Visitor: 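The following block contains the structure, expressed as structure tokens.
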Amino acid sequence: MSALHRSRRFLVPVAATVLLLAGCGTDRFLSGAVRYSCDNGVQVTVRPDGSAVVRSGRGEDLLLRDAGGVGPLQQVFSNPQMRFETGLGAAGTRGRIEGMVPNRNAGCVRTGGALPQTMMAPYTPPQS
């Protein structure tokens, strides 16, 4: 067996593994991730690990779960520059991001992903 043939046998699986792992950071591999689109063109992904990633024209910002929020549907994520709230609106599908532009908030709407169990409203049996 030639050296070229041996190197190809080694490189093909390695290259396939690298390509697979390169895609693992994307949202499609995060089961339970919830995505929001905001008025200002910003995209927010709430991840099941208790963090949120804000994607804008200036890159990505990581927000961590905060102690704020009222009720089981609301979650608050923040870093020193911005704050993102979820679970707003009658159905709990709206959000708000603060800090992208000074003294202005942008409204957001959930566009994909299932609500994690920690965000689901408790079951209320029907009244008869």
Side-chain angles (χ1 to χ4, degrees):
M1 187 182 307
S2 72
L4 179 62
H5 182 69
R6 279 193 303 261
S7 66
R8 280 188 185 162
R9 246 181 51 206
F10 174 75
L11 288 177
V12 170
V14 170
T17 303
V18 168
L19 290 174
L20 178 65
L21 291 176
C24 285
T26 62
D27 298 337
R28 70 175 178 260
F29 290 100
L30 294 173
S31 64
V34 181
R35 292 173 298 285
Y36 291 83
S37 290
C38 302
D39 298 338
N40 55 359
V42 169
Q43 302 293 316
V44 181
T45 302
V46 175
R47 302 188 306 192
D49 67 358
S51 65
V53 176
V54 178
R55 290 179 184 86
S56 65
R58 65 182 191 191
E60 291 186 354
D61 289 290
L62 179 67
L63 308 179
L64 299 177
R65 179 79 192 263
D66 205 339
V70 180
L73 288 177
Q74 281 192 310
Q75 292 184 338
V76 177
F77 302 87
S78 65
N79 69 15
Q81 290 80 32
M82 65 183 75
R83 181 174 192 260
F84 178 66
E85 274 184 271
T86 67
L88 304 178
T93 59
R94 297 199 139 314
R96 176 177 50 225
I97 191 162
E98 304 169 7
M100 296 292 295
V101 178
N103 300 320
R104 295 207 46 210
N105 299 333
C108 306
V109 65
R110 185 164 50 94
T111 57
L115 288 173
Q117 289 290 9
T118 58
M119 293 177 65
M120 296 180 81
Y123 173 73
T124 305
Q127 301 293 324
S128 17

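It should be emphasised that the depicted structure is a prediction, and the values quoted were computed from it without experimental measurement.
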Visitor: Output all residues satisfying ring-ring contact (aromatic ring centres under 6.0 Å, His included) with F84, sequence neighbours left out; order by chain, then residue number.
Guide: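 Residues passing ring-ring contact (aromatic ring centres under 6.0 Å, His included) with F84: Y36.
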
Visitor: By side chain to side chain contact (heavy atoms under 4.5 Å, CB included), which residues pair with L64, not counting sequence neighbours?
Guide: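 Result, side chain to side chain contact (heavy atoms under 4.5 Å, CB included) vs L64: S51, L62.
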
Visitor: Once rounded to the nearest 0.5 Å, what's the spacing between atom OG1 of T86 and atom CD of Q75?
Guide: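 One gets 4.5 Å once the value is rounded to the nearest 0.5 Å.
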
Visitor: If you round to the nearest 0.5 Å, how far is CG of N105 from CD of E98?
Guide: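 Rounded to the nearest 0.5 Å, the CD-CG separation comes to 4.5 Å.
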
Visitor: Partners of Q43 by side chain to side chain contact (heavy atoms under 4.5 Å, CB included), sequence neighbours excluded?
Guide: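 Counting only residues at least two positions away or on another chain, Q43 forms a side chain to side chain contact (heavy atoms under 4.5 Å, CB included) with S37, R55.
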
Visitor: Of all residues at least two apart in sequence or in a different chain, which pass the salt bridge (charged side-chain N to carboxylate O under 4.0 Å, His left out) check with D39?
Guide: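 D39 satisfies salt bridge (charged side-chain N to carboxylate O under 4.0 Å, His left out) with no residue once adjacent residues are dropped.
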
Visitor: Rounded at 0.5 Å granularity, tell me how far CZ in R110 sits from OG1 in T93.
Guide: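 Answer rounded to 0.5 Å: 6.0 Å.
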
Visitor: N40: what forms a side chain to side chain contact (heavy atoms under 4.5 Å, CB included) with it, not counting sequence neighbours?
Guide: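 Testing N40 for side chain to side chain contact (heavy atoms under 4.5 Å, CB included), a comparison that skips the adjacent residues, returns C38, V42, I97, M100, A106.
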
Visitor: I need the full list of disulfide (SG to SG under 2.5 Å) pairs touching residues 73-104, with sequence neighbours left out, sorted by first then second residue.
Guide: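 Non-adjacent pairs meeting disulfide (SG to SG under 2.5 Å): zero.
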
Visitor: Is there a chain of hydrophobic side chains (I, L, V, M, F, W, Y, each step under 4.5 Å between heavy atoms) that links V46 to M82?
Guide: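 Yes: a chain of side-chain contacts under 4.5 Å links V46 to M82.
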
Visitor: How many angstroms lie between atom CZ of R83 and atom CD of E85, to the nearest 0.5 angstrom?
Guide: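 Nearest 0.5 Å value for the CZ-CD distance: 4.5 Å.
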
Visitor: Using the side chain to side chain contact (heavy atoms under 4.5 Å, CB included) criterion, which residues pair with D66? Sequence neighbours excluded.
Guide: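 Side chain to side chain contact (heavy atoms under 4.5 Å, CB included) list for D66, sorted by chain: V76, S78.
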
